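Positions are given from 1, in the same order as the sequence printed here. Please read all numbers here as calculations on a predicted model, not as lab measurements.
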Amino acid sequence: MATRTSPRAASERPERGPRRRLSVDERREQLIGVALDLFSRRSPDEVSIDDIAAAAGASRPLVYHYFPGKQSLYEAALRRAADELSGRFEEPHEGPLSARLHRVMGRYLDFVDGHGPGFAALLRGGSVSASPWTNAVIDEVRRAAHDQILSHLAVDEPGPRLRLTVRAWIANAEITALEWLEDRSIPREELQLRLVQEFVAALTVTVSQDPALLPAFRGFLAEETPDGPTGRLVAQLTALLADPGVGTTVGRLASGTVW
């Protein structure tokens, strides 16, 4: 016997209105977002147009309507990721320098952690989707990071030694992040602090070779606090030098005495 639906039950049933049709720009942005998510969780080589279409709730022909192939969609997703990563190096010029860099490295590692497989495949050059264009986009991110770091150092005319130090540190951050993605044997907080302290150490070496940087370096140290990355590095080095064997050897090296 059929059960009749009461007028009240019918009125309480949730109404499903027609799905809103996405505009051309909205659909394109949706496909880029879905592709970026897939490329972040898997190597680009392992993602197909069918995968992107299924994740977007769209048909394969619809994806091809907006993008001629996976390469063009990959490049659009990479551009979005590059813009996001470049923005993570932006930081207000307030407070101790090492504290600013610590926040920047936190956001950088957030990005690396969230885009692991795609990040690794791109920087290792192991993706068939890599091309001169994709390499140029990554270089843009490196230049943006380079310029941001230099702006925080407040040096009017950065010389070649300082520029080389910043570029080398950015490359070191990339290599370190890739190695960390492999096994994560070092706690992330330790890695974040280590990257900042490595920059401080490299900057110290550079200043020792370029006296023109000394006024800016004095200003940098004057703003640092004991509990910040630089203060903690100084404390660690002081404790290391307090070791009799290390302290004696360092003193001999500093005096130039030959034993």
Would you call Leu233 and Leu193 a side-chain contact if the rule is heavy atoms closer than 4.5 Å? no

Any side-chain to backbone donor/acceptor pair from Ser43 onto Glu46? Under 3.5 Å, distance only. no

Under 3.5 Å: donor-acceptor pair, side chain of Thr248, backbone of Gly245: no

Using a 4.5 Å cut-off on heavy atoms from C-beta on, say whether the side chain of Leu36 contacts that of Ser40. yes

With the threshold set at 4.0 Å, does a side-chain nitrogen-carboxylate oxygen contact exist between Arg80 and Asp83? no

Would you say Leu240 ends up clustered with Val250 if hydrophobic residues are merged whenever their side chains have heavy atoms under 4.5 Å apart, either directly or through other cluster members? yes

Between Ser98 and Val200, the two heavy atoms sitting closest are CB-CG2, 4.4 Å

Tell me, do Trp133 and Leu78 make a side-chain contact under 4.5 Å, heavy atoms counted? yes

Looking only at heavy atoms, what is the nearest atom pair of Phe111 and Ala81, with distance? CE1-O, 3.6 Å

Should Leu38 and Leu62 be regarded as members of a common hydrophobic cluster, given that ILVMFWY residues are connected when their side-chain heavy atoms come within less than 4.5 Å of each other, either directly or indirectly? yes

Salt bridge or not for Arg184 and Asp113, using N-O below 4.0 Å? yes

With a 4.5 Å heavy-atom cut-off, do Leu178 and Glu182 have their side chains touching? no

Same apolar cluster: Phe199 and Val234, side chain cutoff 4.5 Å: no

Could you tell me whether Arg188 and Asp110 make a salt bridge, using a distance below 4.0 angstrom between a side-chain N and a carboxylate O? yes

Please work out whether the ring planes of Tyr74 and Phe39 are parallel, tilted or perpendicular, with thresholds of 30° and 60°. perpendicular

Nearest 0.5 Å please: distance from the OG atom of Ser72 over to the OH atom of Tyr64. 9.0 Å

Ion pair Arg194/Glu198, N-O distance below 4.0 Å: yes

Is any side-chain N of the basic residue among Arg41 and Asp37 closer than 4.0 Å to the acidic one's carboxylate O? yes

Taking atom CG of Leu73 and atom NZ of Lys70, what is their separation to the nearest 0.5 Å? 9.5 Å

Report yes or no: does Arg161 contribute a side-chain atom to a donor-acceptor pair with the main-chain N or O of Thr206 at less than 3.5 Å? no

Would you say the rings of Phe220 and Phe217 are close, in the sense that their centroids are separated by under 6.0 Å? yes

Are Leu203 and Leu214 connected in the hydrophobic side-chain network, where two residues link if heavy atoms are under 4.5 Å apart? yes

Any side-chain heavy atom of Leu253 sitting closer than 4.5 Å to one from Thr249? yes

Nearest 0.5 Å, what's the CG-CZ distance between Asp51 and Arg60? 10.0 Å

Picking from Gln197, Gln192, Glu91, what satisfies side-chain hydrogen bond (donor to acceptor under 3.5 Å, both in side chains) with His102? Gln192

Is Ser151 reaching over with its side chain to a backbone N or O of Gln148, donor-acceptor style, under 3.5 angstrom? yes

Can you get from Ile175 to Leu195 by hopping between Ile, Leu, Val, Met, Phe, Trp and Tyr side chains that sit under 4.5 Å apart? no

Flag, side chain of Arg100 to backbone of Gly95, donor-acceptor distance under 3.5 Å: yes

Short N-O contact, Arg79 and Glu75, less than 4.0 angstrom: no

